[in-house]
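To start, the structure itself, in structure tokens.
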Amino acid sequence: MNTSTSPSLPIPPGHSTAPPLPRIAVLATGGTIAGSAPDAANTSGYQAGVVGVDQLLAAVPALSAVARIAPEQIASVDSKDMAMPLWTTLGQRIDTLLATDDVDGVVVTHGTDTLEETAYLLHLTVKSDKPVVLTAAMRPASALSADGPLNLLNAVTVAAHAAARGQGVLVAFNNRIHSARDVVKTSTYAVDAFQSPEIGALGWVQDGRVEFQRGVVRAHTLASEFTLDAAWPQVEIVTSYAGVSRIAIDALVAAGVRGIVVAGTGNGSIHQSLQQALADAALRGVAVVRSSRVGSGHVMRNGAAADDALGFVSAGSLNPYKARVLLMLALAAGHTAPAALQKVFDTY
Ligand code: ASP
């Protein structure tokens, strides 16, 4: 029974009272989600980044009930070959789209190999609080039980959801929603290939339902000082291991790198020959950041190495690949002294 006091007007045929669906831009960059193999049972001998965005979307008819999709093919690369100029193109395009009233959120389809680097780069540079969600797949589009279509549907579902706003850049993968800062690839083959070690996912998405279970604490997007308009400084990563020599460090310094991230053992401890080479590099003005090769946990400042005395910076809980992203942005923004860089690593 209608208990309303105002007269209810009949709805003309073809019209709905429901608000229009959110408008989500889907930016495709390639990866296994756009991969194709000679037969459906083949999940490793395929070519990444060959299926176009229109075909990816056509495989997921359910998208039309979730959002109005605006597709764009930004690139068609295997993300092992991701490079900084493409990061600049992608980030600037996202900013342009999100600055308009026509776009409510962005989904980026990407390869899994470097997804955690691109996601963190965007987390630190996108200038909007509208949702940006990356997704990918472990099996090519041609495979039996391909995981890409559901990951894409879930990513659009998250990007279209009001609760995703202001959370920074997100990764929707295998029903989980991760923060770009925390997420890492942890399997070479499994469909459940992404984790946020120590800290866990932010939430989950399933059957159209989105639930966040925690928020993001560190600064990102609108609260980040970083932009994509400066030149990329050369920053490389070296690893500490039994018997490592100083050859790589000396070669990098001679080549003029601006920064070196060391993937140390344990709590960012460094073999003594490597540590001496890094101390020499720091004296010559190269930024040296200590991370860990372990894959979870954090590196304590002045813990396994005397950062204050050696002029080193601790990466905290960032893995070496994410630490490199932050170090490049920080150097490009003019932070060069160890104390200033440590402040950056304590903030983002
Ligand atoms: N090599 C692929 C890529 O990163 C792997 C993947 O997407 O799963 O583009």
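This chain uses plain numbering: 1 for the first residue, then up along the sequence. When a ligand or atom number is given, it counts from 1 through the structure's own listing order. Side-chain atoms are counted along with the backbone in the values below, which use heavy atoms only and exclude waters and symmetry mates. Not measured: the values here are computed from a predicted model.
Cluster note: Trp204 groups with no other residue, as no ILVMFWY side-chain heavy atom lies under 4.5 Å from it.
The existence of a salt bridge linking Arg301 and Asp346 is excluded, since no basic side-chain nitrogen approaches an acidic carboxylate oxygen closer than 4.0 Å.
Ring planes of Phe226 and His335: perpendicular class, angle over 60° (limits at 30 and 60°).
The two residues Leu222 and Lys127 come nearest to each other via the heavy atoms CD2-C, 3.5 Å.
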What short N/O contacts, under 3.5 Å, does ligand 1 make with the protein, listed by atom pair and distance?
from	atom 1	to	atom 2	distance (Å)
ligand 1	1 (N)	Asp78	OD1	2.7
ligand 1	1 (N)	Asp78	OD2	3.4
ligand 1	1 (N)	Asp113	OD2	2.7
ligand 1	4 (O)	Ser79	OG	2.5
ligand 1	4 (O)	Thr112	N	3.3
ligand 1	4 (O)	Asp113	N	3.0
ligand 1	4 (O)	Asp113	OD2	3.3
ligand 1	7 (O)	Thr32	N	2.9
ligand 1	7 (O)	Thr32	OG1	2.9
ligand 1	7 (O)	Thr112	N	2.8
ligand 1	8 (O)	Thr32	OG1	3.0
ligand 1	8 (O)	Thr112	OG1	2.5
ligand 1	8 (O)	Ala137	O	3.2
ligand 1	9 (O)	Asp78	OD1	3.1
ligand 1	9 (O)	Ser79	N	2.7

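Not counting sequence neighbours, Phe312 has no partner by the ring-ring contact (aromatic ring centres under 6.0 Å, His included) test.
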Return a table of donor-acceptor pairs under 3.5 angstrom between the side chains of residues 60-74 and protein atoms on other chains or two or more places apart.
from	atom 1	to	atom 2	distance (Å)
Ser64	OG	Pro61	O	3.0
Arg68	NE	Leu21	O	2.8
Arg68	NH2	Leu21	O	2.9
Glu72	OE1	Arg93	NE	2.8
Glu72	OE2	Arg93	NE	3.3
Glu72	OE2	Arg93	NH2	2.7
Gln73	OE1	Val53	N	2.8
Gln73	NE2	Ala75	O	2.9
Gln73	NE2	Ser76	OG	3.3

